[in-house]
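Working notes for the structure below.
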Amino acid sequence: MVRPWIGLVVLSLGVVAAEPPKPVRVPLKAPHESTIPEGPVGEAIRLGQKVFTNTPLHAPKYSGNALSCSSCHLDAGKAPHAAPMVGLWASFPTYLPRAGRVGTMEDRINGCFLRSMNGKPLPTGSEEMRCLLAYVWWLSKDVPVGAEVVGRGNPPLQAPAPADPERGKAVYARACAACHGEDGLGSADVPPLWGPRSFNLGAGMARTSKAAAFVKANMSGLGGSDPLSAQDAYDVSAYFTHQPRPDFPDKVKDWPKGGKPADSRY
Ligand code: HEC
Ligand code: HEC
């Protein structure tokens with residue numbers, strides 16, 4: 001006997017399956033240092049924190065430039081709106097559109113090693129990788145699996161008008177050069193924004209929209225300069241991201257399933 005409603009039930013189940021439930025949102029709260037346990041796990045967490053905050057010193061075989069993870073993931077990965085690591089353990093594995101497949105935390109960390117650090121991937125069993133994982137795990141220990149912290153990523157920013165790198169050059173001179181240098185090469189205390197010791201073309205930060213989001217949220221009004229408008233952030237980002245920087249030869253493998261963003265550099 002034909003029961004037409006069975007089809008309907010199957011159809012609606014299909015719709016439910018296609019839309020995953022929205023993650024629970026929890027406030028960002030980094031655990032206190034005193035909660036790092038004694039013993040080998042605590043030692044791994046502490047070494048992971050060192051790799052994170054001084055990557056060239058503690059992962060010299062894999063780091064390829066002057067940056068540390070914490071140059072962009074500010075306050076040792078604890079700052080909201082600067083792509084914090086707090087709670088991130090609960091969000092991986094996840095689909096990574098640039099890779100066109102589901103990726104683990106290790107895959108994502110190596111994405112930044114290859115691109116943001118212009119370096120080499122950490123082998124899975126390496127001490128550096130195990131310690132970085134321990135650090136992210138500890139930072140995430142109070143966030144339930146599947147939940148997402150408020151302040152994850154860099155808050156997306158819309159440009160009121162198309163970005164103008166010429167205007168951006170003037171914004172750079174008034175709001176950035178005092179720290180990052182007229183030549184963008186940074187100093188002993190400030191990381192470079194371009195040149196051979198900066199992130200490569202494949203990095204998220206090389207995209208104007210991603211850089212503008214980071215800059216507006218984290219680099220506005222520093223050193224006594226006027227706060228940046230959204231347009232200033234776009235203009236200055238169009239300027240500094242397009243200065244000379246290392247290439248990323250593996251870029252040809254990105255976005256294998258399509259969906260390449262319009263401001264990708266290749
Ligand atoms: C030049 C800046 C820069 C540096 C240096 C950098 N990253 Fe990133 N990282 C980013 C950006 C940009 C994103 C994407 C954030 C977003 O999606 O909004 C990101 C994303 C991530 C993510 C995923 C975050 C999320 O919310 O899904 C992880 C994990 C990560 N980075 C780890 C690292 C580690 C570990 C290092 C050091 C080896 C590092 N990053 C160095 C810029 C950087
Ligand atoms: C008062 C000094 C200061 C000013 C002014 C400043 N920055 Fe930064 N910037 C820093 C420091 C320091 C870091 C690294 C953060 C850390 O290590 O904690 C950083 C990190 C960055 C990064 C990520 C790391 C890298 O090297 O790519 C970008 C991008 C950036 N700044 C862009 C800008 C832009 C654009 C401006 C101007 C609108 C600006 N900054 C103004 C001090 C400054």
Side-chain angles (χ1 to χ4, degrees), residues 48 51-56 58-59 62-77 79 81-89 91-92 94 96-98 103-119 121-122 128-129 131-133 135-136 139-140 148-149 151-156 168 171-181 184-195 197-200 203-207 209-228 232-233 235-241 245:
V51 173
F52 200 87
T53 53
N54 194 339
T55 318
H58 294 285
Y62 309 104
S63 139
N65 61 23
L67 304 188
S68 288
C69 309
S70 57
S71 301
C72 300
H73 303 282
L74 303 181
D75 193 14
H81 310 305
M85 298 295 119
V86 179
L88 217 52
W89 195 263
S91 296
F92 281 78
T94 188
L96 302 175
R98 189 170 60 190
T104 61
M105 178 63 73
E106 285 160 293
D107 293 326
R108 189 63 193 84
I109 287 174
N110 275 336
C112 273
F113 258 99
L114 283 159
R115 299 154 186 269
S116 301
M117 311 299 297
N118 192 35
L122 297 180
E128 292 87 341
M129 178 59 91
C131 292
L132 275 175
L133 292 174
Y135 181 55
V136 177
L139 282 176
S140 306
E148 191 169 290
V149 299
R152 185 179 171 190
N154 300 306
V171 176
Y172 185 83
R174 84 163 162 81
C176 321
C179 293
H180 289 283
L185 302 183
S187 67
D189 303 322
V190 184
L193 297 189
W194 66 84
R197 306 279 292 146
S198 185
F199 55 86
N200 69 33
M205 198 65 91
R207 287 173 48 198
S209 67
K210 289 267 177 188
F214 171 85
V215 167
K216 177 79 169 77
N218 302 294
M219 293 287 141
S220 173
L222 296 188
S225 60
D226 289 340
L228 302 175
D232 291 338
D235 292 345
V236 76
S237 297
Y239 171 68
F240 86 81
T241 58
R245 63 181 64 261

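Start at 1 and go down the list; that is how both ligands and their atoms are numbered.
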With heavy atoms under 4.0 Å as the rule, classify the contact between Tyr172 and ligand 2 as side chain, backbone, both or neither.
neither

So which heavy atom in the protein is nearest atom 20 (C) of ligand 2, and how far is it from that ligand atom?
Met219 CE, 3.4 Å

Specify the protein heavy atom at minimum distance from atom 23 (C) of ligand 2: its residue, its atom name, and the distance to 0.1 Å.
Ser71 O, 3.4 Å

Any atoms of ligand 2 less than 4.0 Å from a non-hydrogen atom of Leu74? List them with their elements.
15 (C)

Nearest-contact summary for atom 39 (C) of ligand 1 - protein heavy atom, Å
Cys112 CB, 3.3 Å

Determine whether the side chain, the backbone, both or neither of Asp75 has a heavy atom under 4.0 Å from any heavy atom of ligand 2.
neither

Check this for me - ligand 1, Asn154, N or O atoms closer than 3.5 angstrom, yes or no?
yes

Can you tell me which portion of Ser68 lies within the under-4.0 Å heavy-atom range of ligand 1? Options are side chain, backbone, both, or neither.
backbone

Looking at atom 22 (C) of ligand 1, what's its closest protein heavy atom, distance included?
Arg108 CG, 3.6 Å

Starting from the C-alpha separation in whole Å, work towards a yes-or-no answer on side chain to side chain contact (heavy atoms under 4.5 Å, CB included) for Lys210 and Asn154.
CA-CA 8 Å; Lys210 289 267 177 188; Asn154 300 306; 5.7 Å; no

N, O or S from Cys72 under 2.8 Å to atom 8 (Fe) of ligand 1:
no

For residues Leu222 and Cys179, determine if any side-chain heavy atom of one lies less than 4.5 Å from a side-chain heavy atom of the other.
no

Short list, please: which atoms of ligand 2 are under 4.0 Å from a heavy atom of Leu67?
26 (O)

Which residue and heavy atom of the protein sit nearest atom 24 (C) of ligand 1, plus the separation
Leu88 CD2, 3.5 Å

Return the orientation label for the Trp194 and Tyr239 ring planes: parallel under 30°, perpendicular over 60°, tilted otherwise.
perpendicular

Provide the number and element of each atom of ligand 2 under 4.0 Å from a heavy atom of Leu222.
1 (C), 3 (C), 4 (C), 5 (C), 6 (C), 7 (N), 43 (C)

Closest non-hydrogen protein atom to atom 4 (C) of ligand 2, residue and atom name please, with distance?
Cys179 SG, 3.3 Å

Closest by any non-hydrogen atom to atom 41 (C) of ligand 2: pick that one out of Ala212, Ala177, Ala175, Ala66.
Ala175

Under the side chain to side chain contact (heavy atoms under 4.5 Å, CB included) criterion, do Thr53 and Ser70 qualify, and how do the steps go?
CA-CA 5 Å; Thr53 53; Ser70 57; 3.9 Å; yes

Kindly confirm whether atom 8 (Fe) of ligand 2 is within less than 2.8 Å of some N/O/S atom in His180?
yes

What atoms of ligand 1 come within less than 4.0 Å of a heavy atom belonging to Gly153?
18 (O)

For ligand 2, is there an atom lying under 4.0 Å from some heavy atom of Pro192?
yes

Minimum heavy-atom distance between Asn65 and Ser116, given as atom pair plus value
ND2-O, 2.9 Å

I want to know if ligand 1 touches Lys210 in the polar sense, i.e. an N/O pair below 3.5 angstrom.
yes

Quick one: does any side-chain atom of Asn118 pair with a main-chain N or O of Ala66 as donor and acceptor, under 3.5 Å?
no

Heavy-atom proximity to atom 42 (C) of ligand 1, best of Gly87, Ser91, Ser116:
Ser116

For atom 27 (O) of ligand 1, the closest protein heavy atom turns out to be Arg152 NH2, 2.7 Å

So which protein heavy atom does atom 11 (C) of ligand 2 come closest to, and at what separation?
Pro191 CD, 3.9 Å

Does atom 29 (C) of ligand 1 have any protein heavy atom closer than 4.0 Å?
yes

Within the stated cut-off of 2.8 Å, is an N/O/S atom of Asn218 closer than that to atom 8 (Fe) of ligand 2?
no

Provide, to 0.1 Å, the distance between atom 12 (C) of ligand 2 and the closest protein heavy atom, together with that atom's residue and name.
Asp189 O, 4.0 Å

Gly168, Ser225, Ala82, Cys176: member with heavy atom nearest to atom 36 (C) of ligand 2:
Cys176

Please work out whether the ring planes of His73 and Phe52 are parallel, tilted or perpendicular, with thresholds of 30° and 60°.
tilted

Backbone, side chain, both or neither: what part of Ser70 comes under 4.0 angstrom of ligand 2, heavy atoms only?
backbone

Distance to 0.1 Å, residue and atom name: give those for the protein heavy atom nearest to atom 8 (Fe) of ligand 1.
His73 NE2, 2.0 Å

Gap separating the CG atom of Leu74 from the CG atom of Asn218, nearest 0.5 angstrom:
5.0 Å

Has Met85 got any heavy atom lying under 4.0 angstrom from an atom of ligand 1?
yes

Counting only N and O atoms by type, is there a donor-acceptor contact under 3.5 Å from the side chain of Arg245 to the main-chain atoms of Leu193?
yes

Can you sort out which atoms of ligand 1 are near Met117, meaning under 4.0 Å from one of its heavy atoms?
5 (C), 37 (C), 38 (C), 41 (C)

Where's the contact between Phe113 and ligand 1, heavy-atom distance under 4.0 Å: side chain, backbone, both or neither?
side chain

Atoms of ligand 2, numbered as shown, that sit under 4.0 Å from any heavy atom of Phe240
29 (C), 35 (C)

Keeping the roles fixed (side chain from Ser220, backbone from Leu228), state whether a donor-acceptor pair exists under 3.5 Å.
yes

Show your reasoning for whether side chain to side chain contact (heavy atoms under 4.5 Å, CB included) applies to Met85 and Cys69.
CA-CA 10 Å; Met85 298 295 119; Cys69 309; over 6 Å; no

Those residues that, when tested against Ser209, pass side chain to side chain donor-acceptor pair (under 3.5 Å) (two or more places apart):
Asp263

Heavy-atom distances under 4.0 Å are what count here, so tell me which part of Val51 touches ligand 1: side chain, backbone, both or neither.
neither

Atom indices of ligand 2, in the order listed, that fall short of 4.0 Å to a heavy atom of Leu228:
38 (C)

Tyr62 side, atom OH; Phe113 side, atom CZ - distance, nearest 0.5 Å
9.0 Å

Is there a donor-acceptor pair under 3.5 Å between the side chain of His81 and the backbone N or O of Gly153?
no

Show the atoms of ligand 2 that are less than 4.0 angstrom away from any heavy atom in Phe199.
27 (O)

Main-chain N/O of Gly195 paired with Ser198 side-chain donor or acceptor, under 3.5 Å:
no

Please state which part of Cys69 comes within less than 4.0 Å of ligand 1, counting heavy atoms only: side chain, backbone, both or neither.
both

